Structures are given as C-alpha cells and as structure tokens.
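Shown next, in structure tokens, is the structure this report addresses.
One-based numbering along the sequence shown. As the structure is a prediction and not an experimental result, all values here were calculated from the model.
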Amino acid sequence: MSTEQASPDWEKVRAQFPVLQREIDGQPLVYLDSGNTSQKPYAVIEAMDDFLRSGYAPINRSAYRLAAEATDRYEGARASVARLVNAPRADEVVFTKNATESLNLVAQAWGAKHLRAGDVVVLTHLEHHANIVPWQILQERNGIELRWVPLTADGQLDLTDLDTLLDGAKVFAFSAMSNVLGTITPVAELCAAAHRHGALAVVDACQFVPHNPTDVQAWGADFVAFSSHKMCGPSGIGALWGRAELLDATPPFLGGGNMIAVVRLDGFTTAPVPAKFEAGTPPIVEAVGFGAAAEYLMDLGMVAVRRHEMDLTRYALDALHERYGERITIHGPDNIEVRGGVLSFEFGGIHPHDISQVLDQRNVCVRAGHHCAKPLMRLLGVNATARASLYLYNDRTDVDALVDALDGATDIFGF
Ligand SMILES: Cc1ncc(COP(=O)(O)O)c(C=O)c1O
C-alpha cells in the first residue's frame, strides 16, 4: 500500500463525531457496530443542517434561484461520490435508497431485460442477503441458474473452480468485503475472470467503500453498489455506479416524475441516465450529506483510513486471542492484508445475544445475529455470531473496552 498519504491525528478525528463524546451512566460510549451503520462527523451534520436552514428547495423542477442552487448542491454531491470511487463520469452514479436498492436495480431492471431462463449468475458464499435475494427473485421470475463460489477454511473465496463456475455465465456478482468475516476479495482479479467468460462483474462494495481506497476503473467493474450510511453519511441514500452503456441499456426501475423526458397517453420516453433511475422526489438533504461524507473521507485520505483500520484490526485480533485463547473463535482470515475491521466471534458457548447484552451494560455496542447472511451462517455452523466492527473513529481504548467487557460475560455465564 502507498505510504504517500500523511496520517491524520486520529484523536482529533474521533472528536469530530459528537455522539462518541456521549457518556451513558458516567461511562464512555464504545461504538463497535459500524459494519451495521456508521456514526456521523460534524462535517456531515453541518452540511445537512446548513442546507436545511438556508438552501433547501426542490431540484430539477423550478427555475428560481433557490431551486437552481439546490440542484447544484445535489449534483455536486453526485460529483463528490463519483470522485470517491474514481468513477470516470459523475452521471454514471445513480442515487438510490441504499446498496440493497442498487443491487435490486441491477438484478431486476438490467437482469430482467437481459437474462433468460437458463442464463447463469454466479454468486459467492460470502454474500449478504442484498446480493442473494434479488437474484433469487429473478430466478423465480426468469428461471436463471445460480451458482456459488465456495470458501476456503479461513473464509476467503476458493477460486480453484472459478473458471468452471463462470463457464457460460452472464453475471458474476460478489462482495468486495464481507460484512461477517471481513474478508476482502481480489476484486480486479474477479472482474477480469468474469470478463474472460463474457460475464458482467457486479460488485457489492457496501462494506468496502467506507474503509478502503476504491477505484471502479482500476477494478474493471461493470456495476458497483454502496450505501451512504456506512461511510459517515446519512441513511436513506446509496449509490449504484455503472458503466454508461450498461445504464443506457437498463430499463427504468421505478416509474413516475423526474425519470421521464416525455409522457403521452400512449406511452413515455425516459430521461437520460441518471435521472432515468431517480423517479420521484429524491432524498435531497441526504444527498447533500452523502456528498459531504465523500468529501470528508477524501480529505482524511482513504489510504490512511485503511492503514489505521489495519493497525486496529491486528491489535484487536491479537488482544482477543491473547486474553481468551481457545475460548474465543474469531471467524475469517487472520491475514489483515485481506481482512477489514470486522470481527465476528463465538465466545465460550455463550449466545451472541447474551454477549451483546452484557457488553451493552458497559456501553460497548456490538451486533448479534445472522448479519443478513444466513447461508454463510449455515456454512459456519452457527445461527448467529456477535460482531464487533471497527471504523476510522475507533482506537485501542475501544478494543480494550471490548476485551475487558467480555470478562463480564464470563463472570455471568461462566464457560
Ligand atoms: C456486504 C453488504 N451488502 C449490502 C448491504 C446492504 O446495505 P443497505 O442495508 O445499506 O442496503 C450490507 C449491509 O449491511 C452489507 O454489509
């Protein structure tokens, strides 16, 4: 990884997140659930607040200055998001509700038009439901065939039979980073493999974009989905980046205002991309926040963010293993070069929900559950795990708090 980017002062970065200054019962808040959703810095809160106070207006519909300014803010946000992922053109970025909607757009708009019974879509055992169910819906409707890339013992993609799986495939849709195991997949290699077989490469980058430098062009991807709320922005908005010719060849997903050029009683023509996919009044304030989040991350530098999280992930893996040895099982690769800061674990046979509750008594927020990845849970042989997930505002004191708080679970439940 390049070392060119200067590292920010992470203590100062943490201070930019007001909720992290909060104490409950006199104890600090330890937020370790950013894989679920991230906290928001002043830069995002203030951008949205400022827009609401002094700039809010409809976009694209009105000729007055306030509306023109609001439209500029909305399109400016699109340009910021495009720069964050190095999209060649801002108008290749479609604003959606979230990554889930982005992936549904690909499966159910592009897929419904271009895939027929028997066409093959290849997925992996790492996938979140958001990159499984839309394809299963298409399977029910169009009769497509789904194939699955298996995993190695340490939770990486087992690519041994990839060429066989991709043989005759039309789509390869896969996560860039797993929300359960933290596994970072070799995205460029997978895109190249998809293309060798004439398949499109669809990347679920929902966990990847918030934590890593992202370059959709260097990946050679065709569609890339991600959400604002996991990358310091507000909920209610996400993005789908797609190559212009593919977006042009995709029919609209939802119909209504904003997505049309002409409507007559006997039919309609669509607006150009991206408006074609942004039917109705969009989340305007949220777009401003999404753009501010993209700028915020670019100012910090994604190389520095990734490096910070690698340090912290290594520290967390070592600290948990040192303290609890065989009593803890942390799923996923141990090599932090191919792992993000997501730590799904089983601990002393204690139910993950109990762990989460005990940790909550010490203000340590972790998620317990199936993480919207039930096929992967089945593969791991569990119904649920506890999951601590790290972000740029976390530091070693958070990890120490997690490690110490787990003692509370052993006190209550024993081993
Ligand atoms: C890997 C992955 N893909 C997709 C999603 C869906 O994201 P959203 O709920 O923002 O649509 C998530 C959310 O947890 C995720 O972790």
Expected output: side-chain [X] to main-chain [Y] donor-acceptor under 3.5 Å:
X: Q207; Y: A176; answer: no
X: H114; Y: A249; answer: yes
X: R83; Y: A294; answer: no
X: D404; Y: A401; answer: no
X: R73; Y: V288; answer: no
X: S178; Y: V180; answer: yes
X: T183; Y: G155; answer: yes
X: H331; Y: F345; answer: no
X: D119; Y: K170; answer: no
X: N258; Y: E278; answer: yes

Margin query: Could you walk me through whether S54 and D50 satisfy the side chain to side chain donor-acceptor pair (under 3.5 Å) test, starting with their C-alpha distance in whole Å, then the side-chain angles of each, then the deciding distance to 0.1 Å, before giving a yes or no?
Written below: CA-CA 6 Å; S54 60; D50 171 62; 3.3 Å; yes
Check: Between F347 and Y324, what is the ring plane arrangement, given parallel below 30°, perpendicular above 60°, and tilted in between?
Finding: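 Correct class here is perpendicular.
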What is the minimum heavy-atom distance between [X] and [Y], and which atoms define it?
X: S389; Y: N394; answer: O-OD1, 4.1 Å
X: R306; Y: I184; answer: NH2-CD1, 3.6 Å
X: M231; Y: A293; answer: O-CB, 3.5 Å
X: C191; Y: A221; answer: SG-CA, 3.7 Å
X: L359; Y: L406; answer: CD2-N, 3.8 Å
X: F290; Y: S228; answer: CD1-CB, 3.3 Å

Any salt bridge between [X] and [Y], counting N to O under 4.0 Å?
X: D311; Y: R396; result: no
X: D398; Y: R14; result: yes
X: R78; Y: E75; result: yes

4.5 Å side-chain heavy-atom contact, [X] and [Y]:
X: D395; Y: W10; result: no
X: C206; Y: K230; result: yes
X: L157; Y: E189; result: no
X: D334; Y: R314; result: yes
X: V399; Y: L312; result: yes
X: L392; Y: L297; result: yes
X: S102; Y: V94; result: no
X: N363; Y: R22; result: no

Gap between atom [atom2] of [Y] and atom [atom1] of [X] - 0.5 Å precision:
X: F174; Y: D204; atom1: CZ; atom2: CG; result: 10.0 Å
X: I144; Y: I137; atom1: CD1; atom2: CD1; result: 10.5 Å
X: K374; Y: I132; atom1: NZ; atom2: CD1; result: 11.5 Å
X: H371; Y: N36; atom1: NE2; atom2: CG; result: 9.5 Å
X: C232; Y: I45; atom1: SG; atom2: CD1; result: 10.5 Å
X: M377; Y: T385; atom1: CE; atom2: OG1; result: 4.5 Å

Distance-only side-chain donor-acceptor flag, [X] / [Y], under 3.5 Å:
X: D33; Y: T37; answer: no
X: S7; Y: H308; answer: no
X: Y393; Y: S38; answer: no
X: D154; Y: Q156; answer: yes
X: H195; Y: D222; answer: yes
X: W135; Y: N131; answer: yes

Checklist line | Test log, rule side-chain contact (heavy atoms from CB on, under 4.5 Å), inputs L390 and L343 | finding: CA-CA 8 Å; L390 306 165; L343 302 129; 4.1 Å; yes
Next item on the list: May I have the step-by-step check of side-chain contact (heavy atoms from CB on, under 4.5 Å) for V209 and L84, ending in yes or no?
Entry: CA-CA 8 Å; V209 170; L84 178 71; 3.8 Å; yes
Checklist line | Other residues, nucleotides, ligands: >12 heavy atoms within 6.0 Å of Q21 CD | finding: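 Atom CD in Q21 is packed in, count exceeds 12.
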Margin query: I'd like to know whether CD of E11 has more than 12 heavy-atom contacts from other residues, nucleotides or ligands below 6.0 angstrom.
Written below: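 No.
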Note to self: Assess the residue pair N212 and M302 against the criterion (side-chain contact (heavy atoms from CB on, under 4.5 Å)); give the C-alpha distance rounded to whole Å, side-chain angles, the decisive distance to 0.1 Å, and a yes or no.
What the structure shows: CA-CA 6 Å; N212 298 274; M302 291 310 295; 5.6 Å; no
Next item on the list: Sort out for me which residue in F208, F226, W241 forms a side-chain contact (heavy atoms from CB on, under 4.5 Å) with T214.
Entry: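 Of all the options given, the one that passes is F208.
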Margin query: Among V216, V203, L103, L247, exactly one meets side-chain contact (heavy atoms from CB on, under 4.5 Å) together with F223. Which residue is that?
Written below: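 Exactly one candidate clears the test, L247.
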Next item on the list: For F253 and N104, run side-chain contact (heavy atoms from CB on, under 4.5 Å): C-alpha distance rounded to whole Å, both residues' side-chain angles, the deciding distance at 0.1 Å, then the answer.
Entry: CA-CA 9 Å; F253 184 46; N104 274 273; 3.9 Å; yes
Check: Does the side chain to side chain donor-acceptor pair (under 3.5 Å) test come out yes or no for S175 and H128, once each step is laid out?
Finding: CA-CA 8 Å; S175 285; H128 185 281; over 6 Å; no
Notebook entry, point to check: What do you reckon, are the aromatic ring centroids of Y31 and F17 less than 6.0 Å apart?
Noted result: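 Between Y31 and F17, the centre distance exceeds or equals 6.0 Å.
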Checklist line | side chain to side chain donor-acceptor pair (under 3.5 Å) evaluation trace for Y42 with D49 | finding: CA-CA 10 Å; Y42 286 113; D49 181 79; over 6 Å; no
